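All chains are named by letter (A, B, ...) in the order of the sequence lines, taking the proteins before the strands, and each is independently numbered beginning at 1. Quick caveat, the model's predicted, so the values are computed rather than measured.
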Amino acid sequence: MTRILITSAIPYINGVKHLGTLVGSQLPADLYARFMRQRGAEVLFLCATDEHGTPAELAATKAGLAIEDYCTQMHETQAELSRGFRLSFDHFGRSSSVQNKRLTQYFAGVLAENGFIEERSEKQVYSNTDGRFLPDRYIEGTCPNCGYERARGDQCENCTKQLDPTDLINPRSVISGSTDLEVRETKHLYLKQSALKDDLDAWIDSKTDWPILTTSIAKKWLHDGDGLQDRGITRDLYWGVPVQKGEEPWPGMEGKVFYVWFDAPIEYLACAAEWSDANGTEDEAWWRWWRTDEGADDVRYVQFMGKDNVPFHTLSFPATIMGSREPWKLVDYIKSFNFLNYEGGQFSTSLGRGVFMDDALEILPSDYWRWWLLSNAPETSDTEFTWEKFQAGVNKDLADVLGNFVSRITKFCRSKFGQEVPAGGEIGDGGTALIAELEGRISTYVGHMEAMEVRKAAAELRAIWVAGNEFLQAAAPWSTIKTDVDRAAADTRLALNLIRVYAVLSAPFIPDASAAMLAAMRTEETIWPGDLTTALSRLPPGHGFDVPDVLFRKVLDEEREEWAARFAGSDN
RNA sequence: GGGCCUGUAGCUCAAUUGGUUAGAGCAGAGCGCUCAUAACGCUUUGGUUGCGGGUUCAAGUCCUGCCGGGCCUACCA
């Protein structure tokens, strides 16, 4: 059996994520996971919260909570929203888990043994008032180049000049505003990515089928300037995985933690370990997904992420795996996405601009969001969410094309034949033509889904729904019933069976509506339709059904206007 | 500044990797149907493929120069 390991980029802990984050990784990953399970593959689909780092500490302080409690709360919030969007993770883990702590320390130790870790001493800005070292971005001051007063320590937003925090005039802490800053000497560990550059380069070169977005970003980092740079993997923070060399202390590194971008990808492994532990199974259970010497050699590993995550997944994390010189699984395919914008600008957490996961579920069922976001996934370029497009898309596709199809045929049958699949007649020319068309379209749909061509798959699925309406229109059982009851019965029977087939085909995109369709047809038969003629006679004459409630109500103009105003955010 | 991506119908996107007359959906127009959520079906309007050069028997596709949009640029994650 095909075995597929799927991971979605792990969302950061410091708040509810917006729709852009959702469509860039978790949603398409879920689509793929659901589809591959339907097709008979053995799937392990993992996601987690990314909990370490400065922003998490500051968010916790702002919320008046201990960082540990804050993360526990926010993890539960995000887990609940994931359930709301029907994200079918086999496990939703936490990068702060003991499993991740152990594995992160383990990898650091192995990398050190293999000579891929280097200690470097460097100067960093320390804030006496805040009692902590400040990342470059958390220092503000006047730009020496253009005079902009709110330039950050890494770059001036106004003139785009790259800066060093010590370049700033009148530097101050972004956290407290304090100017009581000093430069202190501190020691950090670096991952010697440069020593693995040739291995990484050859590996990326071999991935000719990856999205251009993925490989071009990787190649840029590999070849830009002096080539791939070594990366600092430790920080002077409280909240994180304590720096240790495996189980041993790391002299000189006391009180320091690993950088989030070192431990976050390792959580992909740790999450599998969490999953195994949660199920009460031994380590072999997750090793068979992650260790090629323990059964993972036939696993296909696919990652989903937004483009901002690509450098870490194509370079840093693979460097960690390669540098271990151990048989851990490397990713086989990286599906990356561009960004989703909101009404002509960016989503903004601080301005409350745009739709966030909790808002979305509050106003409409998850299927509406899943369908629109996936059928408009930002695959080739950044794409834009507007309420008008959203309304037009879901009303037309879900309500008019699919929902109304289910409604018209079930209600027709109820009024003319009663609430069971009618007997009599056989598939006619129209039915034969429909089956031929659908066989072609389903084959195309499967091809797009296997290739993770999300928008193309959605367009094909929609065409499959449209074919049902075309068939009904041509067969016109409401007319033929007057002269040829068997003809009308056979066509009605075919159309009712089509509902079940649509439910199965559509399940990866709209799982709730799919379940409602199956329930209405009083069936739990969800096997993938191989032979269509057989699949379309699965519900035999006499099989009872219910006329379902409206599957998708329409989004009204008033609602659209109200939501557009509500989520516009403040202007400054 | 550098790099990458991108520009095709009013809108959102395709175009088998250089090969017939550039196609779909939405929106618009007309017709049909009356089972259905004012739904559905059929027909149809609409393009100098951002602009200018070049290569080629052949260019939306390749090269080059402009113009516009976006992203990244390594201590936010």
Side-chain angles (χ1 to χ4, degrees), chain A residues 9-14 21 50 52-56 58 122 124-125 133-139 152-155 159-162 164-165 174 188 193 211-213 215-221 223-225 228-232 235 259-261 264 306-312 315-316 338-339 341 346 375-376 378-384 386 388-389 392-393 395-416 455-456 458-460 462-463 466 468-479 481 488 492 495 547 549-554:
Chain A
I10 63 177
Y12 198 62
I13 194 71
N14 70 339
T21 311
D50 177 13
H52 296 136
T54 309
L58 298 180
E122 56 196 26
Q124 294 238 324
V125 175
F133 283 93
L134 297 176
D136 291 357
R137 291 194 181 209
Y138 285 89
I139 303 159
R152 294 186 315 196
D154 56 337
Q155 184 173 34
C159 69
T160 74
K161 185 176 171 62
Q162 309 232 7
D164 190 90
V174 170
H188 281 298
Q193 301 182 137
I212 294 171
L213 183 65
T215 50
S216 66
I217 291 173
K219 284 179 179 173
K220 156 75 170 155
W221 282 55
H223 301 135
D224 190 42
L228 187 61
Q229 301 298 299
D230 297 336
R231 180 174 277 276
R235 292 291 183 272
Y259 177 39
V260 277
W261 263 114
K307 59 185 168 186
D308 51 331
N309 276 325
V310 168
F312 304 98
L315 303 168
S316 311
N338 288 283
F339 292 148
N341 289 318
Q346 296 191 329
S375 60
N376 291 279
E379 288 176 302
T380 49
S381 62
D382 289 355
T383 192
E384 195 174 343
T386 69
E388 282 196 25
K389 283 197 253 180
N395 283 357
K396 193 70 195 170
D397 299 347
L398 298 180
D400 295 347
V401 176
L402 177 61
N404 183 53
F405 172 78
V406 173
S407 180
R408 67 193 294 205
I409 190 59
T410 50
K411 285 181 180 171
F412 172 76
C413 187
R414 177 175 63 184
S415 72
K416 304 296 181 188
R455 275 186 320 210
K456 287 180 182 174
E460 198 59 34
R462 184 188 190 283
V466 167
N469 282 310
E470 288 170 352
F471 165 74
L472 266 192
Q473 199 67 30
W478 48 89
S479 286
I481 195 168
T492 301
V547 173
D549 294 334
V550 167
L551 274 184
F552 297 101
R553 71 170 185 86
K554 295 212 190 192

Tell me every residue that passes side-chain contact (heavy atoms from CB on, under 4.5 Å) with [X], counting only those two or more places apart in sequence or in another chain.
X: A/A476; answer: A/W478, A/S479
X: A/A9; answer: A/S25, A/Y268, A/M305, A/N309
X: A/K307; answer: A/L213, A/I217, A/N338, A/F339, A/D382
X: A/E388; answer: A/T386, A/R560

When you measure only distances, ignoring hydrogens and angles, does the side chain of A/E122 come within 3.5 Å of the base of B/C75 through a donor and an acceptor? yes
With distance as the sole criterion, do the side chain of A/Q124 and the base of B/C75 form a donor-acceptor contact below 3.5 Å? yes
So which nucleotide from [options] ends up closest to the side chain of [X]?
X: A/R231; options: B/A77, B/C75, B/G41; answer: B/C75
X: A/E470; options: B/C33, B/C42, B/C72; answer: B/C42
X: A/N376; options: B/U12, B/C71, B/G41; answer: B/U12
X: A/W221; options: B/C33, B/C71, B/U73; answer: B/U73
X: A/L228; options: B/A77, B/A74, B/C26; answer: B/A74
X: A/Q229; options: B/U12, B/A74, B/G32; answer: B/A74

**Prompt:** With respect to the phosphate group of B/U12, does any side-chain polar atom (N or O) of A/R455 fall under 4.0 Å of OP1 or OP2?
**Reply:** no
query: Does OP1 or OP2 of B/U34 have a side-chain N or O of A/K416 closer than 4.0 Å?
result: no
RNA chain B nearest-nucleotide lookup for A/P55 and A/F339: closer to the 5′ end is A/F339
Between A/W261 and A/S415, the residue closer to the 5' end of RNA chain B by nearest nucleotide is A/S415
Base, sugar-phosphate alone, or nothing: which one does [X] contact when heavy atoms must sit under 4.0 Å apart?
X: A/D308; value: base
X: A/K219; value: nothing
X: A/T492; value: nothing
X: A/V310; value: nothing

query: Going by ring centres under 5.5 Å and near-parallel planes (under 30°), is A/W478 stacked on B/C35?
result: yes
Kindly write out the residues that satisfy salt bridge (Lys or Arg N to Asp or Glu O under 4.0 Å) with [X], not counting sequence neighbours, or none if the list is empty.
X: A/K416; value: none
X: A/K411; value: none
X: A/R231; value: none
X: A/R455; value: A/E379

Please give the distance between the [atom1] atoms of [N] and [M] as a whole number of Å.
N: B/C11; M: B/A74; atom1: C1'; answer: 38 Å
N: B/U55; M: B/U61; atom1: P; answer: 15 Å
N: B/A22; M: B/A15; atom1: C1'; answer: 7 Å
N: B/A24; M: B/A9; atom1: C1'; answer: 11 Å
N: B/G23; M: B/U49; atom1: P; answer: 13 Å
N: B/G30; M: B/U48; atom1: P; answer: 25 Å
N: B/G68; M: B/C57; atom1: P; answer: 35 Å
N: B/G65; M: B/U16; atom1: C1'; answer: 31 Å

Each nucleotide of nucleotides 3-8 of chain B classed B (base within 4.0 Å of a protein heavy atom), S (only sugar-phosphate) or -, in 5' to 3' order, makes SSS---
Stems of at least 3 consecutive Watson-Crick or G-U wobble pairs (donor-acceptor distances under 3.5 Å) involving RNA chain B, listed by first number, are B:1-7 with B:67-73, B:10-13 with B:23-26, B:28-32 with B:40-44, B:50-54 with B:62-66
Rounded to the nearest 0.5 angstrom, the CD-CG distance for A/Q124 and A/D136 is 7.0 Å
Interatomic distance, CG@A/L402 vs CG@A/D397, rounded to 0.5 Å, equals 9.5 Å
Starting from [atom2] on [N], measure out to [atom1] on [X] and report it in whole angstrom.
X: A/L58; N: B/A77; atom1: CG; atom2: P; answer: 10 Å
X: A/F471; N: B/C33; atom1: CZ; atom2: C1'; answer: 16 Å
X: A/L472; N: B/C35; atom1: CG; atom2: P; answer: 12 Å

Short question: side chain of [X], backbone of [Y] - any donor-acceptor pair under 3.5 Å?
X: A/Y138; Y: A/R152; answer: no
X: A/D230; Y: A/Q193; answer: yes
X: A/S407; Y: A/G403; answer: no

If you restrict it to nitrogen or oxygen atoms, what contacts under 3.5 Å exist between nucleotides 61-64 of chain B and the protein, and what is each distance?
none

Classified by glycosidic angle (syn within 90° of 0, else anti), B/U17 comes out syn
Distance-minimising heavy-atom pair for [X] and [Y]:
X: A/K396; Y: A/R462; result: CG-NH2, 3.6 Å
X: A/Y12; Y: A/D50; result: CD1-O, 3.1 Å
X: A/L315; Y: A/W221; result: CD1-CB, 3.3 Å

Shorter than 3.5 Å, N or O on both sides, protein versus nucleotides 37-39 of chain B: list them out with atom names.
from, atom 1, to, atom 2, distance (Å)
B/U37, OP1, A/K411, NZ, 2.2
B/U37, N3, A/F552, O, 2.7
B/U37, O4, A/F552, N, 3.4
B/U37, O4, A/F552, O, 3.4
B/A39, OP1, A/K554, NZ, 3.1
B/A39, O5', A/K554, NZ, 3.1
B/A39, O2', A/N404, OD1, 3.4
B/A39, O2', A/N404, ND2, 2.4

